[in-house]
Amino acid sequence: MSAPSSAPSIAVSGLPQEHPLRHGAASSPLLLAATGQPGPRPVWFMRQAGRSLPEYRRIREGTGMLQACFDPSLVAEITLQPVRRHGVDAAILFSDIVVPLKAMGVDLDIVAGVGPVVAAPFRSRSDLERLPNLDPASVAAVSEGARLVATASPVPLIGFAGAPFTLASYLIEGGPSRTHARTKALMHSDPELWHDLADRLARVAAEFLRVQVLAGASAVQLFDSWAGSLSLADYRRFVLPHSAAVFAAIGDLGVPRIHFGVGTGELLGAMGEPDVEVVGVDYRVDLADAAARVRPGRALQGNLDPALLQADLPVIRSHVERILRQGDNLHGHIFNLGHGVPPETDPDVLTRIVSWVHELRP
Ligand code: CP3
């Protein structure tokens, strides 16, 4: 079977663009930057809600990660912790990319220090037949959590989902993988099964994003964290059409869409091709170089190396200044890290970075 040359379309229901819980969001720095309009420079951090915060570790005591993800008041509280502490310009929903899979009945857990572990890894067409579509009712706790955040948050809420490739990698490998060898083997040996699986996961991601936006999220990010392990040719043939289908399926919602992956230097141009407003850039590529690779009219998000959070404050500040200067020349710039906040980060350093960004680009 040949790969679809354009995004396969996923039918979705319509939605009014105005949402009662998104009032005021249109003039927020995040949404202005995402759509290339002038305004103060927004800053938020991937994985800002989590283990770098003592208040997170306290509230999570005795509660499993997935259990927490299905508890609306915990979801809301943990999502808002970094907003209160750091004064970031966006909240990102406390959840995980495997939450919709769990809600669909996939037997998996999130193991501390390891990541998602799937009991019976995906191997064959019969496994696909056992994978249902995502029923919004099964993630009612997530949408209730999002609604609580959207009601209480002073800043826009970002919803997110795992992209088809990254989700497929967890399903096929059974857990985190450095090589993604089984996933790549399946793609190349049984392209038809691969495309059917990726199509199913694209529908799951689109539905999960839709649920969050309907509950009040003002922007969404698709995490294709492990896409950087693919060659550009494989990415274009096996992955991009399915990620593009996710973005196309939620286009009617009228919220900015962010496309992010790690180690994606070679893929950046391709990642900017679908219907997205923002491309996330990891720390390996200079924002100026990234801008030359991504088609014009896209904002960029990034890209402080998370490892630098361990450096001395003057060193960090000089890198923040460099990234802000590079951001000045972009169609829009959202300050972020190049990947998630490491658990050992001193939270005061993050608060400092937020105040520097706000002070230098008010
Ligand atoms: O960014 C945020 O603050 C929102 C929360 C968020 C989590 N996971 C919470 C979480 C987000 C956006 C994610 C997405 C996610 N999950 C991705 C894509 C982002 C990325 O990092 O590239 C991926 C690949 C996963 C899968 C996953 N879940 C991993 C690799 C881990 C870490 C495992 C570990 O313990 O080192 C998780 C667990 C997880 N997700 C934690 C949190 C706060 C830690 C669990 C805990 O606190 O016990």
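When reading the values below, keep in mind they use all heavy atoms of this one structure, side chains included, and skip hydrogens, waters and symmetry mates. For ligands, and for the atoms within them, numbers begin at 1 and follow the listed sequence.
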Examine the side chains of Glu277 and Thr35 and answer whether a donor and an acceptor come within less than 3.5 Å of each other. no

Heavy-atom contacts with Ser95 under 4.0 Å: which atoms of ligand 1 show up? List them by number with element. 5 (C), 6 (C), 7 (C), 8 (N), 9 (C)

For Glu266, does the CD atom have more than 12 heavy-atom neighbours from other residues, nucleotides or ligands under 6.0 Å away? no

Closest to atom 28 (N) of ligand 1 (judged by heavy-atom distance), picking from Asp96, Val117, Val98: Asp96

Taking Arg123 first and then Asp190, would you say they form a salt bridge - that is, a charged N and a carboxylate O separated by under 4.0 Å? no

Return the residue, atom name and 0.1 Å-rounded distance of the protein heavy atom closest to atom 15 (C) of ligand 1. Arg47 NH2, 3.4 Å

With a 3.5 Å cut-off and no angle check, do the side chains of His319 and Asp305 form a donor-acceptor pair? no

Group every Ile, Leu, Val, Met, Phe, Trp and Tyr by side-chain heavy-atom contacts under 4.5 Å, then state whether Leu31 and Leu330 land in the same group. yes

Any N or O on His339 sitting closer than 3.5 Å to an N or O of ligand 1? yes

Side chain, backbone, both or neither: which part of Val341 comes within less than 4.0 Å of ligand 1 when only heavy atoms are counted? neither

Any atoms of ligand 1 less than 4.0 Å from a non-hydrogen atom of Tyr56? List them with their elements. 43 (C), 46 (C), 47 (O)

Under a 4.0 Å N-O cut-off, is there an ion pair linking Glu321 with Arg317? yes

Contact region, Tyr170 to ligand 1, non-hydrogen atoms below 4.0 Å, reads side chain

Inspect the surroundings of CZ in Arg352 and state if more than 12 heavy atoms from other residues, nucleotides or ligands are less than 6.0 Å away. no

Among Gly113, Ala49, Gly162, closest by heavy atom to atom 35 (O) of ligand 1 is Gly113

Arg41 and Asp328 ion-paired at < 4.0 Å: yes

For atom 18 (C) of ligand 1, which protein heavy atom lies nearest, and how many Å away is it? Ser225 OG, 3.2 Å

Where ligand 1 meets Leu93 - atom numbers and elements under 4.0 angstrom, heavy-atom basis: 4 (C), 5 (C)

So which of Ala112, Pro342, Pro116, Ala68 gets nearest to atom 26 (C) of ligand 1, if we judge by its closest heavy atom? Pro116

Closest to atom 44 (C) of ligand 1 among Gln48, Arg51, Met46 (heavy-atom distance): Arg51

Where is the nearest protein heavy atom to atom 45 (C) of ligand 1: which residue, which atom, and how far? Met65 SD, 3.6 Å

The reported gap from CZ in Phe122 to CZ in Arg200 (rounded to nearest 0.5 angstrom) is 8.5 Å

Quick one: nearest non-hydrogen protein atom to atom 11 (C) of ligand 1, plus distance? Phe160 CZ, 3.5 Å

Write out the residue and atom name of the closest protein heavy atom to atom 38 (C) of ligand 1, then the distance separating them to 0.1 Å. Ile110 CG2, 3.4 Å

For Arg60, the ligand 1 atoms whose distance to one of its heavy atoms is below 4.0 Å: 46 (C), 47 (O), 48 (O)

Could you check atom 19 (C) of ligand 1 against the protein and tell me its nearest heavy-atom contact, residue, atom and distance included? Phe223 CD2, 3.3 Å

Ligand-side contact atoms (ligand 1) for residue partner Trp226, heavy atom cut-off under 4.0 Å: 24 (C)

Under a single-linkage definition using a 4.5 Å side-chain heavy-atom cutoff for Ile, Leu, Val, Met, Phe, Trp and Tyr, are Phe45 and Leu360 assigned to the same hydrophobic cluster? yes

Applying the salt bridge (charged side-chain N to carboxylate O under 4.0 Å, His left out) test to Glu273, which of Arg295, Arg236, Arg293 qualifies? Arg236

For Thr166 and ligand 1, does the shortest N/O to N/O distance drop below 3.5 Å? no

Assess whether atom CZ of Arg182 is packed by more than 12 heavy atoms of other residues, nucleotides or ligands within 6.0 Å. no

